[in-house]
Amino acid sequence: MSTFQNLSQVEQVKLKKIWDTDYQTIVRGKDDGVPFLKYVFELHYKLFGETCSNCPNKISGYIQKLKKLNTETIVETKKKNTFVLQTGTIIPVPGTSESYSNANITDEKAIQLLSENQNRKSLFASLPKDWEEQVKAFIANKPNADAPSLKVVGVKIGENVLTVEEALSLLEKLNVSTKATTISGVDGVIKKLAEEVANELVMLADALSASKTPVVDAVTETGSKERTKEDVEFELASAEQELDDLIAIAPQDAEAIKVAEEKAKALKEELEKL
């Protein structure tokens, strides 16, 4: 029996959320009020028999190990899914570097894709007999289906919205030249990037956004500021991961690396004082 199958249904849901969530959100964010890191600690202990919630340097490794389970376990459990893509089929997500294949698509996501364009049925090797009814139900129950979407002002790279100048600067670091000077023009350039280059661009954008985001103290109901040791540990783990990513992807960007190093150093000093 696989490791994934050894998990309870609730634990499987938590693990899938870790797979579908980016590193920064896992470190700093919550899922319905529950820190994603709580899932990381629980799942790592259940799957690997060891977890240290007071070891910030290990958090990155825990997350990576859980995410590496994605490909092998999703493929294994795909046999239970009723929507199966044609062998080798990859469906890109417009405007992002993400894509869906049999390695990561779920029945729910397949229904969503078909609700957007039913001609996509030709991409599937296997569909349930009632797939059209499932699509109709999805469309009928979709919240705010008629509500206008919020307009993103800027160039969207991954989860980040950057100025045209910032986006062009990152493209230049990846040796991608363009004469585009507008948001739509730069968006068009990004959509045509090879998957590997697009992934590197997203990581650079994540690092840039993180370097611009000030550390915000937690605020109590009385209005006083309170930072716990756990808060700083989580932020330190994130900062160290950002630094590692920068060194691996853009070793020539000395300025960005210096900023990341100073951020990590400041958090280490703060942690020592707590």
Side-chain angles (χ1 to χ4, degrees), residues 18-27 29 60 63-64 67-68 70-71 74-75 85-106 109-110 112-114 116-117 119-120 122-124 149-213 238 241-260:
I18 294 298
W19 290 343
D20 295 337
T21 304
D22 63 90
Y23 183 88
Q24 295 298 328
T25 303
I26 292 174
V27 172
S60 174
I63 295 173
Q64 290 177 12
K67 281 185 171 291
K68 283 181 180 179
N70 191 354
T71 300
I74 274 291
V75 170
L85 290 169
Q86 299 280 4
T87 302
T89 296
I90 296 176
I91 304 176
V93 181
T96 75
S97 61
E98 298 180 2
S99 62
Y100 294 104
S101 66
N102 273 329
N104 64 357
I105 197 169
T106 62
K109 180 55 63 176
Q112 179 183 334
L113 292 171
L114 287 166
E116 296 168 354
N117 183 355
N119 289 331
R120 287 173 172 162
S122 62
L123 300 176
F124 290 83
S149 58
L150 295 176
K151 184 178 181 181
V152 177
V153 181
V155 180
K156 194 169 189 303
I157 303 177
E159 298 299 321
N160 312 285
V161 178
L162 308 181
T163 65
V164 171
E165 291 74 17
E166 289 172 334
L168 289 174
S169 175
L170 296 186
L171 287 170
E172 185 178 351
K173 291 177 181 178
L174 296 174
N175 297 318
V176 177
S177 59
T178 176
K179 294 182 180 180
T181 57
T182 63
I183 293 175
S184 59
V186 177
D187 279 337
V189 172
I190 293 174
K191 290 177 182 178
K192 295 179 182 179
L193 294 176
E195 182 178 358
E196 182 178 352
V197 178
N199 289 336
E200 291 182 359
L201 180 63
V202 171
M203 294 184 72
L204 284 177
D206 288 344
L208 176 61
S209 295
S211 68
K212 296 191 299 181
T213 303
S238 176
Q241 182 63 42
E242 291 165 9
L243 177 59
D244 290 342
D245 291 343
L246 272 174
I247 293 175
I249 296 173
Q252 74 280 7
D253 196 342
E255 183 177 352
I257 291 176
K258 182 179 179 181
V259 171

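Here the CD1-NZ distance, from Ile26 to Lys67, works out to 4.0 Å after rounding to the nearest 0.5 Å. Put simply, CG on Asn199 and CG on Leu204 are 11.0 Å apart, with the number rounded to the nearest 0.5 Å. The CG atom of Leu168 lies 7.0 Å from the OG1 atom of Thr178; values are rounded to the nearest 0.5 Å. One finds the OG1 atom of Thr106 at 7.5 Å from the CG atom of Asp20 (value rounded to the nearest 0.5 Å). Between the CD atom of Glu159 and the OG1 atom of Thr21 there is a distance of 9.5 Å, given to the nearest 0.5 Å.
Using a 4.5 Å heavy-atom cutoff, the side chains of Val155 and Ile190 are in contact. For the pair Phe124 and Leu114, the minimum side-chain heavy-atom distance is below 4.5 Å. Side-chain contact between Leu113 and Leu123 is absent, with no heavy atoms from C-beta onward closer than 4.5 Å. By the 4.5 Å heavy-atom criterion applied to side chains, Leu174 and Leu170 are not counted as neighbours. Proximity of Val176 to Leu193: side-chain heavy atoms (C-beta onward) are separated by under 4.5 Å at one or more points.
Shortest non-hydrogen contact noted between Ala180 and Gly185 is CB-C, 3.6 Å. In this structure, Ile157 and Ala167 approach most closely via the heavy-atom pair CD1-CB, 4.2 Å.
The backbone N or O of Val161 sits nowhere less than 3.5 Å from a side-chain atom of Lys156 that would complete a donor-acceptor pair. Between the side chain of Lys173 and the main chain of Asn175, no donor-acceptor pair closer than 3.5 Å is present. Checking side-chain atoms of Asn160 against main-chain N and O of Leu162 turns up no donor-acceptor pair under 3.5 Å.
For Glu172, there are no side-chain hydrogen bond (donor to acceptor under 3.5 Å, both in side chains) partners at least two apart in sequence or on another chain. Residues forming a side-chain hydrogen bond (donor to acceptor under 3.5 Å, both in side chains) with Ser60 (at least two apart in sequence, or on another chain): Gln64, Gln241. Every residue was checked against the salt bridge (Lys or Arg N to Asp or Glu O under 4.0 Å) condition with Glu165, not counting sequence neighbours, and none meets it.
The local environment of CD in Glu116 is crowded, with over 12 non-hydrogen atoms from other residues, nucleotides or ligands closer than 6.0 Å.
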Practice problem: Determine, stepwise, if the pair Ile91 / Leu85 fulfils side-chain contact (heavy atoms from CB on, under 4.5 Å). | Solution: CA-CA 9 Å; Ile91 304 176; Leu85 290 169; 3.8 Å; yes
Quiz item: Could you walk me through whether Ile183 and Asp187 pass the side-chain contact (heavy atoms from CB on, under 4.5 Å) check?
Solution: CA-CA 6 Å; Ile183 293 175; Asp187 279 337; 3.6 Å; yes
